Amino acid sequence: MTDRKGEKLGWTGGWLGGFVWVFILALVFLFQGRLAQGLAGLALTAGAAGVIVHCAPWRFPRTPYWRLMLAPYAAFFISIAWAVWAYGGLAAVGLEWWNLLWLLPMLIPLGTLNKRTWADGEPSA
C-alpha cells in the first residue's frame, strides 16, 4: 500500500483547485474581448498546472515540502499580480498595497511543514 493515491490527489487537486479562479477569470476576459488579459490568464493557468505536476513531492521524495511548494506559491502570487493588472491596478480595484498583507496567512504551511518530505510518509520496512 505504498501508492498513496489520496495524498497524490490532495497535492494535485488542491493546488489545481487553487487556480480555478484564474482559469474562469481568463475565460471571462476572453468573452469580454480582452484578449491580452484572457490569453495571459490561460497561459498562467497552464504554467501553474505544469509547475504543480513537476514539483510533486513523489517526484522528489527527499526534498522538503516547503521547497517544493515555493514554485506553486510563486505561480499563485504571479496570478494575483495578473488579476490586479487585468483590472487596471490596485487603485482601480480600490486597494492599497497594505491590503495585500491579508495574503500572509496563506504562507503558514511553509513554516508548519518545515523539513517534512514525501519519504517521511513511507512505511518502515
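What you are looking at is a predicted structure, and each value in this text was computed from that prediction instead of being measured. Note: hydrogens, waters and symmetry copies are ignored here, and every other heavy atom, side chains too, is used.
By the neighbour-count criterion of 12 heavy atoms within 6.0 Å, atom CZ of R34 is densely surrounded, having more than that number from other residues, nucleotides or ligands.
Atom OG1 of T12 and atom CD1 of I52 lie 8.0 Å apart (nearest 0.5 Å). Between L39 atom CG and L30 atom CG the span is 5.5 Å, to the nearest 0.5 Å.
Nearest heavy-atom pair, H54 versus R59, reported as atom, atom and distance to 0.1 Å: O-NE, 3.1 Å. When every heavy atom of A71 is checked against every heavy atom of V51, the shortest pair comes out as CB-CG1, 3.3 Å. Across W11 and P72, no two heavy atoms sit closer than the pair CZ2-CG, 4.5 Å.
F77 and V20 fall into different hydrophobic clusters, where Ile, Leu, Val, Met, Phe, Trp and Tyr side chains are chained together by heavy-atom contacts under 4.5 Å. Cluster annotation: L95 and M106 are assigned to the same hydrophobic cluster (Ile/Leu/Val/Met/Phe/Trp/Tyr, side-chain heavy-atom contacts under 4.5 Å, transitive). F29 and L35 are members of different hydrophobic clusters when ILVMFWY side chains are connected at heavy-atom separations under 4.5 Å. Hydrophobic clustering, with ILVMFWY side chains joined whenever heavy atoms are under 4.5 angstrom apart, keeps V28 apart from F19. A continuous path of hydrophobic side-chain contacts links I78 to L104 [ILVMFWY only; heavy atoms under 4.5 Å].
Centroid-to-centroid, the aromatic rings of Y65 and F60 stay 6.0 Å apart or farther.
Using bins of under 30°, 30° to 60° and over 60° for the plane-to-plane angle, the ring pair W21/W82 lands in the tilted bin.
With S79 as the fixed residue, the side-chain contact (heavy atoms from CB on, under 4.5 Å) test singles out one of L25, T45, V84, L44: L44.
Side-chain contact check for M69 versus F76: every heavy-atom pair is 4.5 Å or farther apart. Put simply, the side chain of E96 reaches to within 4.5 Å of the side chain of N99, judged on heavy atoms. The shortest distance between side-chain heavy atoms of Y73 and P109 falls below 4.5 Å. Side-chain contact between W58 and R4: absent, with no pair of heavy atoms (C-beta onward) separated by less than 4.5 Å.
A cation-pi arrangement is absent between K115 and W66, since the terminal nitrogen or guanidinium carbon is not both under 6.0 Å from the aromatic centre and inside a 45° cone about the axis.
When atom types are taken as modelled, the side chain of W85 and the backbone of Q37 share no donor-acceptor pair closer than 3.5 angstrom. Of the possible donor and acceptor atoms, none in the side chain of R62 sits under 3.5 Å from a partner among the backbone N and O of T117.
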